[in-house]
Amino acid sequence: MSQIELRHVDKSFGAVGVCHDINLTVEEGEFVTLLGSSGCGKTTTLNMVAGLEDPSKGDILIGGRRVNDLSPVQRDVAMVFQNYALYPHMTVAENLGFTLKMRKMAKPQIAERVAAVAASLELTPLLERLPSALSGGQQQRVAIGRALVREPRVFLFDEPFSNLDASLRVKMRAEVKQLHQQLGVTTLFVTHDQEEAMSISDRIAVLNRGKVEQFGTPEEIYSRPATRYVARFIGNPQIDLVPGELEPGADGAVLRLAGVALTLPDFVPPPGAGPAVEVGVRPEHVRLTEAGIPAKVQLVQPVGAATHVVLGWEGGDLIASVPGFVHLSVGAAIHFEIDPRHVLVFDAQSGDRLM
Amino acid sequence: MSFASARSRDRGFRVLVVVGLILFVVWSAAPILWLIVSSLMQQQALIVQPPDFSLGNFTLENFTEVIVSAAALGRGILNSFIVALFSTAVALVIGAPAAYALARLAVPRANALAFLVLATQMLPGIAIAIPLFLVISRLGLIDNVLALGLVYLSFNLPIVIWILRGFFLAIPEGIEKAAAVDGAGVVGTFLHIVLPISIPPLGAAAVFAFVEAWNEFFFALILTRQDAQTVPLVIAQFAGQYQTLFGQMMAAAAISIAPVIALAIIFRNQIVRGFADGMMKG
Ligand SMILES: Nc1ncnc2c1ncn2[C@@H]1O[C@H](COP(=O)(O)OP(=O)(O)OP(=O)(O)O)[C@@H](O)[C@H]1O
Ligand SMILES: [Mg+2]
């Protein structure tokens with residue numbers, strides 16, 4: 001039993017509130033990511049689960065048991081720290097084995113476990129080195145190894161890949177995900193990289209200024225973002241957002257965007273919503289067409305699998321993501337269409353999604 | 001700015017640093033050099049104005065005199081060693097955990113407490129001399145080496161606590177958090193993590209405390225008579241009522257600073273190694 005649960009957790013440092021009413025459940029064996037921009041309280045939340053910080057309010061449960069008053073050891077978590085936090089005076093082998101030594105394991109068994117973990121992380125040739133003689137990527141693998149060397153109830157990862165180069169990062173991502181599939185240990189992972197979160201998680205909790213903005217699967221977060229903030233935070237290139245007005249129509253509603261009227265069938269806006277709204281469209285749902293809404297090509301950015309075309313339109317600038325390469329000259333007149341089925345409508349005031 | 005001018009400015013700065021260092025070395029080494037020179041000269045050549053530095057006036061006589069005639073010097077050195085070692089070692093053993101507690105544990109009003117510890121050092125020595133003398137003499141511990149060691153311990157402890165607390169505060173907390181998750185309690189973290197990475201400041205604090213105790217004159221003067229006299233007192237005795245034996249005094253002083261210098265060199269190596277072990281990276 002190793003489900004993690006946060007119930008109404010608040011955290012403040014002095015007068016500064018950092019976490020506000022966080023509610024989160026990581027099911028047994030699940031891989032959940034806390035995603036948010038720098039300073040939104042990810043590390044603080046993780047520290048509270050680990051027992052390194054006390055919540056100001058609320059309860060933390062591991063395996064159904066309230067652990068607020070338990071020490072990190074008693075909680076039996078393993079953690080990879082954002083800045084690695086390797087012991088500078090110990091060799092790689094001693095760093096890996098320290099936790100086993102503290103748990104009074106016999107020396108031969110420690111050596112065995114350390115060797116196994118080192119082999120799986122390709123650290124074997126480095127075992128006798130001090131951390132100061134390792135590259136950033138190697139240090140990071142030692143930090144991960146230090147967590148993997150025992151079998152904890154819960155894994156906590158705090159931006160473990162943030163200092164790696166792009167290709168190593170992608171490789172480590174795959175390795176950690178695979179490892180999770182093999183071991184099935186309940187995992188809470190922290191990152192500010194939305195792509196990383198999407199690719200690695202069962203579910204994602206998007207944090208914004210210490211509040212959980214949305215908690216759902218990567219697909220839910222991407223396709224049905226709960227708020228404008230989430231919509232903006234997820235997706236690369238960023239979602240297109242343009243101001244518009246919502247009017248009740250014959251059946252459903254009509255969306256007016258800079259002279260364009262989109263009919264949204266079967267959509268009844270909640271009372272009090274609009275008329276001012278913000279309309280979000282993912283760039284892959286902006287289609288370039290022969291006839292449609294007129295615009296001008298402003299910028300063409302091929303990225304390989306797709307080309308991002310920035311369109312100048314009277315309603316605002318839009319990015320269209322087109323598969324493959326397209327040949328367009330800057331300044332050319334062009335037309336586009338928006339598929340009403342993929343339109344997201346946010347309340348201009350609250351930012352909550354209406355549709 | 002071109003690279004060339006940047007480089008020449010760089011060189012100008014280097015020259016400045018080197019000149020500064022030379023001045024500093026002369027400033028601190030000149031008295032020691034003078035001490036050694038005068039310890040090697042005959043009294044007559046030394047006290048004429050100006051001193052007569054001709055080669056014939058150099059001699060080892062002062063050293064042989066001091067060593068042969070003054071058994072007091074040997075005893076003084078031994079006493080100094082005992083009080084300095086005792087007051088340094090015990091100050092480290094008590095001071096390091098105290099400093100760690102003040103730096104990291106949930107000690108109420110830790111800052112105020114730490115300041116109070118330092119504040120004890122701000123009293124002028126003369127203010128506590130008489131009470132201290134009364135206490136020690138009522139206990140019948142005047143001229144007792146260990147009593148002097150205890151007094152020095154009370155001077156060294158606050159300094160050691162203050163130096164080490166500053167260092168402990170600067171240790172990145174992540175390392176100790178990692179140790180907590182790895183299963184080390186407060187004591188385990190202190191012994192396995194904090195102390196080993198604190199060898200440089202421990203060495204610095206030790207040297208500082210040792211030298212303080214080794215050189216102390218005033219309290220040694222009022223708390224000892226003969227058996228417990230330390231080196232500075234023995235040296236002072238070469239200044240007699242009618243005549244000061246400068247050469248012998250300097251020879252005794254030269255002998256007395258030798259252990260301190262040796263100690264500083266030994267610890268310097270250790271401190272440098274401590275830093276090279278990668279305190280900063282990692
Ligand atoms: N010990 C502390 N005392 C005061 N404020 C703190 C403390 N620790 C964190 N904070 C503040 O709490 C907020 C959240 O910090 P936290 O480290 O949890 O952010 P984060 O989401 O992990 O950011 P990053 O992505 O940069 O690591 C920040 O504004 C930070 O300044
Ligand atoms: Mg963080």
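Per chain, numbering begins at 1; letters A, B, ... match sequence-line order.
Residue contact with chain B, scored on non-hydrogen atoms closer than 4.5 Å, is absent for A:R75. Only the backbone of A:A78 has a heavy atom closer than 4.5 Å to any heavy atom of chain B. Only the side chain of A:E53 comes within less than 4.5 Å of a heavy atom in chain B; its backbone stays farther off. With a threshold of 4.5 angstrom between heavy atoms, A:D76 does not approach chain B through any atom at all.
A distance below 6.0 Å separates the ring centres of B:F219 and B:F155.
Counting non-hydrogen atoms of neighbouring residues, nucleotides and ligands closer than 6.0 angstrom, the CZ atom of B:F218 exceeds 12 such neighbours.
The closest side-chain donor-acceptor pair between A:E159 and A:T191, if any, does not fall under 3.5 angstrom. Side-chain contact, A:Q82 with A:T43: a donor N or O sits under 3.5 Å from an acceptor N or O.
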